[in-house]
Amino acid sequence: MKFFETRHLTKHFGGLTAVNDINFEVEKGEIYGLIGPNGSGKTTLFNLITGYHPSSSGEILFQGQPIHRLSTWKICKLGIGRTFQIAKPLRRMTVLENVMTSAFNRAPKKSEAMEKAMEVLEFCELASKKDNSAKGLTIGDRKRLEIARALATAPELLLLDETMAGLTPQEQTAGAELIRKIRDSGITIIIVEHIMHVIMNICDRLLCINYGQEIARGTPAEVANNQAVIEAYLGKE
Ligand SMILES: Nc1ncnc2c1ncn2[C@@H]1O[C@H](COP(=O)(O)OP(=O)(O)OP(=O)(O)O)[C@@H](O)[C@H]1O
């Protein structure tokens, strides 16, 4: 049984095909990168996997189970968590309360949710800010909180959507370390990221899409040297 796969996954928005016949598999324990120029369909792919948009056709299987007709909350319960490109914490709540709201996905009691949230905050090195209001956080900490909220749902597969955008080089290095630590804790990762040196360093394999379609796949070195990928990013000579 494959850990995660899509088969002929397609999404039309009216006359626009945002995701066009995408087939890929992710093995348990991998960091799998999804790259492509702006508007190529990466976030739409995440929205299909997590049930935010219904697919037009094709299948998504998680641990052998079809999930493409399930609601967002059922997909989350099955063990797929995600972050959003634009982090929107619950601004009037503290950092701890934000993470607790996600922990309630599996922890029915408040004390259990708090315990899980604290464990995640320690893991993400945010515990010292647990009582801070979410609205006062720096971009770096807001991105970390976004990851912490996703981790608190206890996912087996975590989708990270541009968690490095807007970070300083030092924060990017720390962010990459956190992503590796998440993988080492047993969570499989699919990551969308535009910062190429990060993606090339942390991913085991990559899929590159353009206009919703696959243009290349392979190891970071294979994809970086692929002519179609170079042209998609830089244009033809
Ligand atoms: N809800 C929607 N309704 C109509 N069109 C949409 C919708 N969501 C996305 N699109 C379109 O689908 C295409 C793919 O968009 P998507 O956001 O998935 O790209 P992306 O690769 O994530 O881009 P970026 O790297 O800029 O975040 C774009 O042309 C976009 O305008």
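Order of appearance sets the numbers: ligands from 1, and atoms from 1 within every ligand. We use all heavy atoms of the structure for the numbers below, so side chains are in, but hydrogens, waters and symmetry mates are not.
- In this structure, the protein non-hydrogen atom closest to atom 13 (C) of ligand 1 is Gly39 O, 3.7 Å.
- Aromatic rings of Tyr32 and Phe4 (six-membered ring for Trp) have centroids beyond the 6.0 Å cut-off, not under it.
- Ligand 1 lies nowhere less than 4.0 angstrom from a heavy atom belonging to Gly36.
- A cation-pi geometry, defined here as NZ or CZ lying under 6.0 Å from the six-membered ring centre and within 45° of its normal, holds between Lys11 and Phe13.
- Comment: Arg149 engages Glu146 in a salt bridge, judged by a side-chain N to carboxylate O separation of less than 4.0 angstrom.
- Residue contact check: Thr44 has heavy atoms under 4.0 Å from atoms 9 (C), 14 (C), 15 (O), 16 (P), 18 (O) of ligand 1.
- For atom 31 (O) of ligand 1, the protein comes within 4.0 Å by no heavy atom at all.
- When non-hydrogen atoms are compared, ligand 1 lies under 4.0 Å from neither the backbone nor the side chain of Val192.
- The atoms of ligand 1 that sit less than 4.0 Å from any heavy atom of Glu162 are 25 (O), 27 (O).
- In terms of protein heavy-atom proximity, atom 26 (O) of ligand 1 is nearest to Asn38 ND2, 2.9 Å.
- Shown here is Lys135, whose NZ atom has no more than 12 heavy atoms of other residues, nucleotides or ligands within 6.0 Å.
- The closest protein non-hydrogen atom to atom 1 (N) of ligand 1 is Phe13 CE2, 3.5 Å.
- When the options Lys2, Lys28, Glu156 are evaluated for a side-chain hydrogen bond (donor to acceptor under 3.5 Å, both in side chains) with Gln63, the one that passes is Glu156.
- Screening Ile49, Leu158, Thr50 against Arg82 for a side chain to side chain contact (heavy atoms under 4.5 Å, CB included) leaves a single residue, Thr50.
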